[in-house]
Structure formats: C-alpha cells, structure tokens
Amino acid sequence: MELFFNPFDNLVCILLGISFTVWFTLLLVFIIVPAIFGVSFGIRRLYMKTLLKIFEVNAAIVLHLTSIIAREPTSLEEEIKEIRRSGSNKDLDAAPEFEMSDIFYFARRGVESIMDDEVTKRFSAEELESWNLLTRSNYNFHYISLRLTVLWGLGLLIRYGFLLPLRVTLAFTGVGLLVFLTSVVGLLPNGRMKNFLSEKVHLMCYRICVRALTAIITYHDSENKPKNGGICVANHTSPIDVIILASDGCYAMVGQIHGGLMGVIQRSMVKACPHVWFERSEVKDRHLVAKRLSDHVEDKSKLPILIFPEGTCINNTSVMMFKKGSFEIGATVYPVAIKYDPRFGDAFWNSSKFGMVNYLLRMMSSWAIVCSVWYLPPMSREEGEDAVQFANRVKAAIARQGGLVDLLWDGGLKRGKVKDTFKEEQQKLYSKMLVGTQEDRSRS
C-alpha cells in the first residue's frame, strides 16, 4: 500500500528540525562550551543590569501609587480614638475613661509582637523593599496600574516562554553529563589523572547547572579558598548553595544516601571522587560520623569537606546556631559567607511549604539567582576554646562579612519546639532579677 505524505507535514518537520538544531547549537556555543573552559561572554551581567533598570522604573510607579493608599503611622492615642469612633457613640472630647474596646489595640499589638519575633520570621521569605514583578512576592501589585500589568505580562511571557525551557534543558544536560562522565571517570585507576579529570568534570557540570539558574555569582577573596584536608563551612539558604560553591572549586560532599534520582547521582559521583555518604542508620551515630570525617581530613590529598553547620535552610537574613560536630574534629576551618540578592528571585527553600521539584521550578522561573560569596581567612581552634565557642566565633565572622544577623537560636526550631534549657535559662534570669543572687541575699 502506498503512503502519501502531506507537503505541509514535511514542512513542519523540517522547520522543527531546524529549530532544534539552532537551539542546541546556541546552547553548545554560548553556554556549554564556555562552561567547559570556565569563561563567560558577559550576557548574564548585561541581563542583570537591564533587570535593575526595569526594577527602578517599577519601584517608582509602585512608590507613587502606594503613597496614595498607604496608611500614615499613628500614635497610641490616635489609634484608640479611631477604634472608639467606629464602635462607640460617646463624646470623644469627654473626660477619658476605660472602654472595653481599648483592649483590641493592646491585643493586636501583642499578637504583632509574637508573630514578629526574631526566630519565626527567619523561616519565611525575605521581605522586599520594592516589587520585582513576581506574583509570588506580591500577588496584588500588578492590578494597580496598566503599566505595571504590561510589564508583569511581558515578564511572565519571557520567564515561562523562553527562560524556563532553556533552563530545564540546561539542568538535564548538566545532571546527565555529571552522571555519565563521573561514571566513566570512576572506571579509571586511582591516581593523578583520575583526580584531574574528576575535578574538571565536576566543575564543568556544576557550571552548566549554574547557568540553568541564570546564576550571577561574584566571588571575593579567592586567595582564601578552602584547601585539601580542611573543612569548608558556610551559612545555608538553599540546596543550590552546593552548586554555587562547587562551580568555583571542588569539594567532598557530606550527606545521607538517598534513593531515586538523587541516589543515582550520589552513586555516580562517589565513583570519581571520595565523597562522604552515610546510610540512614549511621547518621545519628555521632562518633561514627566524626570518625569518617576525621579520616577524610587527615588525608591531605583529599578534597576539602563542604558542611552547612546550621542543619537547615535560613531565609538569607541571618545565621543561626552552628552544630558543634564539625568543629570537634580539629581540622582547619575555612568559613564562607553566601548572600543572595532577593530582588531577582528568592533563593530560600521553605522545605515545610515546597517540595524539591516545586522549589526548583520556582527557581528556574525566577528572573535570576544573584549572589555574592566571600572566602574568609582560615580559622583554627584556639587553646582553651571548646567546640561550641569555636563554632560561635566562626558563625560571627560569617554573619559579619555577609551582613547577616547573628542569632544564637537553633535552626531546629523550624520544625521543633524550644528546648527546655532555653526556657530554664530565661526563668533563671527572671528569678535573679526578682530575688537577687545568693551574694545579694547574704548581704541583706
């Protein structure tokens, strides 16, 4: 039986073939090849500067419109008078007396104080000074002006129609190459050649993944970059912190063994490089974990270990308590401060609200990921200093360099309750204020 093809179908196939050829040629020439050699054409920097100019215009429009509808700050007396005016028929100029409606003011202020504590707000998205044309940061701004609506619509078309497909393609390319090439390198015998190829493969693949996020990273003080046999510790905002750091240098990762796609990536990576993966049953064994880490850092030929001592993601505004485990080993610590620019996209991963796939799609549909990385001078444990004091000293240095708030609270409060020790400490301070110390009582 003869088959007849519609000439229009042939034309569509030819056009699709040409489109895919052009698409992948552009990816190869402008993204993948530069990633291999670690060079940049400056396109992302130009894109960032263009976005900043658009944000400036947008901020001027929002400021003009919101200044019309914004409520002016008022005093306690004015707010209570407003409440009384809306709920009472009494003469407001009469002698002041207590009214039940006054309670609403104090109740509201009390709830505001509870909600705006220094811990809870570290686990939600960072507030922006001006709108960045993303509905996820403010859902209502694109309705208040036709000009803003047009800007928002164009941005939506660019982000989802062009940037998202490009970034997804790059992400699959980077991850696919990482799995394939590390598996191939893993077949080589241990030696200098294997280590050299492993580092080049990791750097190339991570740089492709960085471009999948349109990440624009500024590295400072590269002379302080972590060296073999040391431990690199950094503040933790997002899972992409790993990609941000690993695109500028190779590290040995530490973590729990996973299943699925993550497990495939872990198994392929460990063939080419001695990463430190733990079984689920081993993670809670502190002595075993410390022993594995100590054995790694004692071998000066192995890559520095990358650790995030907070143990959870914080929203790019502060640094919370560092777990002391990585500071008990006695190795040289290389602190690194990471600070994201939230105007282009919120890098914070709220794991209690978004799954990993949902989070990555939000990252790839943002304008860009812009951040600064500071390599701080190496630090060692001083004589007479315990692990907790050393951890706090490193944390303070990272917070100071990154312009972050240094908090003593445990990031575990993201999912757990306040430890009894914290409550008891506050109770003791209050008791001391009321009763006084033993010396004060003996004097009296």
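- For the residue pair V276 and R292, the shortest heavy atom distance occurs at CG1-NH2, 3.9 Å.
- Cation-pi check for R381 over F327 is not met; the charged atom does not lie both under 6.0 angstrom from the ring centroid and within 45 degrees of its normal.
- With a 6.0 Å radius and a threshold of 12 heavy atoms from other residues, nucleotides or ligands, K300 has its NZ atom above the threshold.
- Just one of I243, D248, L245, V210 meets the side chain to side chain contact (heavy atoms under 4.5 Å, CB included) condition when paired with I217; it is V210.
- Pairs of residues two or more places apart, or lying in two chains, that qualify as ring pair (Phe, Tyr, Trp, His ring centres under 6.0 Å) and include a residue from residues 203-222 are H220-W374.
- Side chain of H275 to backbone of M253: a donor-acceptor contact under 3.5 angstrom is found.
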- prompt: Going through the checks in order, is the salt bridge (Lys or Arg N to Asp or Glu O under 4.0 Å) test met by D406 and R400?
  reply: CA-CA 8 Å; D406 185 2; R400 187 166 52 251; over 6 Å; no

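- Proximity of a side-chain donor or acceptor of D221 to a complementary backbone N or O of E223 within less than 3.5 Å is not detected.
- The closest donor-acceptor contact from the side chain of W349 to the backbone of I314 lies at 3.5 Å or more, if one exists at all.
- Y340 pairs in a side-chain hydrogen bond (donor to acceptor under 3.5 Å, both in side chains) with only one of the listed residues (D241, N315, D346, N316), which is D241.
- Among all heavy-atom pairs drawn from S380 and E385, the shortest one is O-OE1, 4.4 Å.
- One distance of note links CD1 of I208 with OG of S247; it measures 12.0 Å at 0.5 Å rounding.
- Around atom CE of M356, more than 12 heavy atoms belonging to other residues, nucleotides or ligands sit under 6.0 Å away.
- The CD1 atom of I244 lies 8.0 Å from the OG atom of S238; values are rounded to the nearest 0.5 Å.
- When only modelled atom types and interatomic distance are considered, T214 and R167 share a side-chain donor-acceptor pair under 3.5 Å.
- Nearest approach of A234 to F308, heavy atoms of both residues: O-CD2, 3.5 Å.
- Between H202 and C250, the shortest heavy-atom contact is CB-SG, 4.2 Å.
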message: side-chain contact (heavy atoms from CB on, under 4.5 Å) for V405 and V319? Distances and angles first, verdict last.
response: CA-CA 6 Å; V405 180; V319 185; over 6 Å; no

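- For the pair S366 (side chain) and R362 (backbone), a donor-acceptor distance under 3.5 Å is present.
- Side chain of K323 to main chain of E310: a donor-acceptor pair is present (N/O by atom type, distance under 3.5 Å, no hydrogens or angles).
- When each of V254, T332, L293, I329 is tested with I231 by the rule side chain to side chain contact (heavy atoms under 4.5 Å, CB included), just one qualifies, namely I329.
- Counting non-hydrogen atoms of neighbouring residues, nucleotides and ligands closer than 6.0 angstrom, the NZ atom of K200 reaches no more than 12 such neighbours.
- Residue F196 qualifies as open at atom CZ: its count of foreign heavy atoms under 6.0 Å is 12 or below.
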K302 vs N228, side-chain contact (heavy atoms from CB on, under 4.5 Å): CA-CA, chis, key distance, verdict: CA-CA 6 Å; K302 291 184 177 180; N228 289 1; over 6 Å; no

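- Here the side chain of E328 pairs no donor or acceptor atom with the backbone of A387 at under 3.5 angstrom.
- Interatomic distance, CE of M48 versus CD1 of I369, reported as 13.0 Å (0.5 Å rounding).
- Of all the heavy atoms in P377 and P335, the pair that sits closest is O-CD, 3.4 Å.
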Contacts under 3.5 angstrom, residues 27-39 side chains, donor-acceptor by atom type, not counting sequence neighbours:
none

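- Closest approach of M364 and L164 over heavy atoms only: CB-CD1, 3.7 Å.
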query: Where do R393 and E382 land on the salt bridge (Lys or Arg N to Asp or Glu O under 4.0 Å) test, with the steps shown first?
result: CA-CA 11 Å; R393 184 161 60 90; E382 296 177 351; 3.7 Å; yes

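- Heavy-atom neighbours of E383 CD from other residues, nucleotides or ligands within 6.0 Å: at or below the threshold of 12.
- For K227, the NZ atom is densely surrounded, since the number of other residues' heavy atoms within 6.0 Å is greater than 12.
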message: Using side-chain contact (heavy atoms from CB on, under 4.5 Å), reason through I240 and Y359 one step at a time and then give a plain yes or no.
response: CA-CA 11 Å; I240 65 175; Y359 168 76; 4.3 Å; yes

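- The backbone N or O of F348 lies less than 3.5 Å from no partner atom in the side chain of T237, so there is not a single donor-acceptor pair.
- Between the side chain of E298 and the backbone N or O of D295 there is no donor-acceptor pair closer than 3.5 Å.
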message: Between Y251 and I307, is the side-chain contact (heavy atoms from CB on, under 4.5 Å) condition met? List the steps.
response: CA-CA 10 Å; Y251 297 90; I307 295 179; over 6 Å; no

